[in-house]
Amino acid sequence: MTEPLWYKDAIFYEVYIRAFADGDGDGCGDFRGLTERLDYFRDLGVDCLWITPMYPSPLMDDGYDIADHLNVHPDYGTLDDFKNFLNEAHARGLRVIADLVLNHTSDQHPWFQSARRRSPEQGGGDASKDSPYRDYYIWSDTDQKYREARIIFLDTQKSNWEFDPATGEYYFHRFYPQQPDLNYDNPAVRQAMIDVLRFWLDLGLDGFRADAVPYLFKREGTNCENLPETHAYLKELRRFMDEQYPGRILLAEANQWPQDVRHYFGDGDPRTRRGASEFHMAFHFPLMPRLFTALARADCAPIVEILSATPPIPDNCQWCTFLRNHDELTLEMVTPEERDFMWQTYAPEPRMRLNLGIRRRLAPLLDGDRRKIELLNSLLFTLPGSPILYYGDEIGMGDNIWLDDRDGVRTPMPWDNVAGQRADDSSLWHTLRRMIAVRKEHRAFGRGGCEFLKIENRAVLAAVRAGDGETILAVHNLSPATQRILPDLRRWKSATVRDLLSGRSFPGVTDEPYAITLTPHEYLWLKLIEG
C-alpha cells in the first residue's frame, strides 16, 4: 500500500454506515458490523471505502451536522470500534476515507453553543457577544448581507440567514438553519480544522472526501463560491497533508462545471513546479446525468460533449465518477429542457423528485433492466476517472420513495439478497466483480488517454483508452435495438482483437473499416494487440 498514485487505479465503494451491517443487534449499522463484512469488499474487488459521517450528531442532516469532530456517534460504536475497523481494513489491503465537513457544524456543537453565551470566566449564563467562540461563526444585525449567495435547498429554505433569539442577531448558513457556517476569516477556525485532520490521520485514515468545499469564505458582492481565499486555505490543507501524511488523499465535492472544478486541483506547487497543489481527486458531477440522458435517448452525444469540454488536469490528479450516491441524482448542471426530460423519463411521479434532482437508486431508475444496469456500470468502469460504487448497487438494490428526504436511497443492505447473488455465478454481483477484476488488470482505464472515435451511428459510443503500453476499444450500444458500426481502426492495422471480459477473439484489424455488430445494450472491452 505504498503506491503514491494508488487512487488513479482504485475502485471506491461508498458505505452508509447506519444501513450497511448491524454488529450488535440493535437494528442500526455500526463499525462492528462493518468490520465483520470487510471480506465482502475484498471479494468484490474494492480498493477503498468511503464512509459517510461517523461523528456525534443530532442527525438533522444525517450526520453532516457534526456536533463533535473528534469522536464516533454512539449508534455506530466507540472510537475503539473505529480503530479496530480501520486496522482490520488495512490488514486486508483496503484503504478508508471519511467525510470531512469543512463548511459548517451542527448548532449543537460546543463551539456554537459557546458562541451564544458568556464563557465561564465571564460569569456564564447570559447571552453575549464576548464568547471566545463567537467569531467561529458569521453574525450580522441584518439578514441582507451576502445577498448574491444562492440558496442551496430551494424547496425548504428562503434565506441563508437565521435569527438567533439568544443573541439578537442573525447567523449565516449555506444549508439548513441547524448547520451554521464556520467563519474561515478567523485563524482559530482554520487551525481547528487542520487539527481535526491531524486527529484522524494519526489514527491511520487514508484521506477525506471534503464536503461542500466551494463555500468556505464569504465576500460581499460575490456569490460566495470559489473565492481566492477558499483556494488559498485548501492549498494550506494540501501542504499539511503532503508534508506530514504523504500517500493520503483529499477528494473534493464541488458540484460545479468541470472548468470550475479544475481550479480545485490547483496548478502545482510553485516551489517544486510539480503536481497539483489542492485536491488529489474531484467528483465529475455533470457527467452523471448525461450518462442517463444518453441511455434514454440512445445517443452518445451528451457523454462525448461533456467529456470533450472537460479540461486537462495535472498528471497526479484524477476525476472521481459515479452513477448514484447517498444524495438525490442532481440535475443542477443540465438545461431546463434536459431536466424536464430526465424527470419525465426517470421520475414520472412527483414523489420521485427532490430539490433539483431525483431520489431514486440505480436499479429502480432503470426499471430493474439488467442489460441497462450492466451497460451503465460498463461505462462507469471504462470512461476516464476512478469509479465509486454506492452500497447495494452491485446487487441491483431497490429504494423507498415514500421515506422522507434522501432516506429512500439509504435503506438497509439486504444481506439475504447478497448471499443469493454470490451463490449464483450469473448474477449481477458476479458480473460487476468480473468487470472490476478486469479493469484493475489494465492501467489504461485509470491512467490512459481517452479518444472518442468518429462514427456515424450515434447510438454507439466508441472510446479508445490507451496507456501503459496497451490500447483498449470500449464500445457501448446505448440502444434497445441491434446496431452495427464501422470504426476506422487502420492505425492499428494487423492488430489482433480480444474481448477482455469474455476472452473471445475477434477478427484482426485490416485496411478495411472494422465491422462490429452489437446486440441491444451490449458492451465490449476490446484489446487491440499489436505486433
(request) Evaluate the criterion salt bridge (charged side-chain N to carboxylate O under 4.0 Å, His left out) for residue pair Glu225 and Arg174; output intermediate values, then yes/no. (result) CA-CA 11 Å; Glu225 298 181 24; Arg174 201 63 193 259; 3.0 Å; yes
(request) Establish, from distance only, whether the side-chain atoms of Asn325 and Glu14 form a donor-acceptor pair under 3.5 Å. (result) no
(message) Tell me whether the rings of Tyr264 and His231 are parallel (<30°), tilted (30 to 60°) or perpendicular (>60°).
(response) tilted
(request) Indicate the ring-plane relationship of Phe445 and His442, choosing parallel, tilted or perpendicular according to the 30° and 60° boundaries. (result) perpendicular
Considering only distance and modelled atom types, tabulate donor-acceptor pairs under 3.5 Å from the side chains of residues 378-385, sequence neighbours left out.
| residue | atom | partner | partner atom | Å |
| --- | --- | --- | --- | --- |
| Ser378 | OG | His476 | NE2 | 2.6 |
| Ser378 | OG | Trp525 | NE1 | 2.8 |
| Thr382 | OG1 | Ser378 | O | 2.8 |

(request) Answer yes or no: is there an ion pair linking Asp99 with Arg209, defined by an N-O contact shorter than 4.0 Å? (result) yes
(message) Can you pull out every side chain to side chain donor-acceptor pair (under 3.5 Å) where at least one residue sits in residues 448-467? Sequence neighbours excluded, please.
(response) Asp299-Arg458, Glu451-Arg491, Asn457-Gln483
(message) Under a 3.5 Å threshold, yes or no: a donor from one side chain and an acceptor from the other, between Tyr215 and Arg150?
(response) yes
(request) Sort out for me which residue in Phe12, Tyr391, Phe20 forms a ring pair (Phe, Tyr, Trp, His ring centres under 6.0 Å) with Phe41. (result) Phe20
(request) Considering only NZ, NE, NH1 and NH2 on the basic side and carboxylate oxygens on the acidic side, decide whether Asp62 and Arg410 come within less than 4.0 Å. (result) yes
(request) Would you please test Thr345 and Phe292 for side-chain contact (heavy atoms from CB on, under 4.5 Å) and show each step? (result) CA-CA 10 Å; Thr345 303; Phe292 289 92; over 6 Å; no
(request) State, without any angle test, whether Asp202 and Tyr245 hold a side-chain donor-acceptor pair at a distance under 3.5 Å. (result) yes
(message) Less than 4.0 angstrom from a charged side-chain N to a carboxylate O is my criterion; do Asp242 and Arg239 meet it?
(response) no
(request) Report the residues that fulfil ring-ring contact (aromatic ring centres under 6.0 Å, His included) with Trp319, sequence neighbours left out, ordered by chain and then residue number. (result) Phe265, His284
(message) Against Trp50, only a single residue in Tyr13, Phe283, Tyr7 fulfils ring pair (Phe, Tyr, Trp, His ring centres under 6.0 Å); can you say which?
(response) Phe283
(request) Please name the residue in the list Arg360, Arg359, Arg361, Arg324 that meets the salt bridge (Lys or Arg N to Asp or Glu O under 4.0 Å) test with Asp399. (result) Arg360
(request) Take Asp393 and Leu432, measure what side-chain contact (heavy atoms from CB on, under 4.5 Å) needs, and give me the verdict at the end. (result) CA-CA 10 Å; Asp393 280 353; Leu432 296 190; over 6 Å; no
(request) Scan side-chain atoms only and decide if Gln318 and Ser386 contain a donor-acceptor pair under the 3.5 Å cut-off. (result) yes
(request) Output, in order, the C-alpha distance, side-chain angles, deciding distance and verdict of side chain to side chain donor-acceptor pair (under 3.5 Å) for Glu229 and Tyr184. (result) CA-CA 9 Å; Glu229 296 89 339; Tyr184 276 87; over 6 Å; no
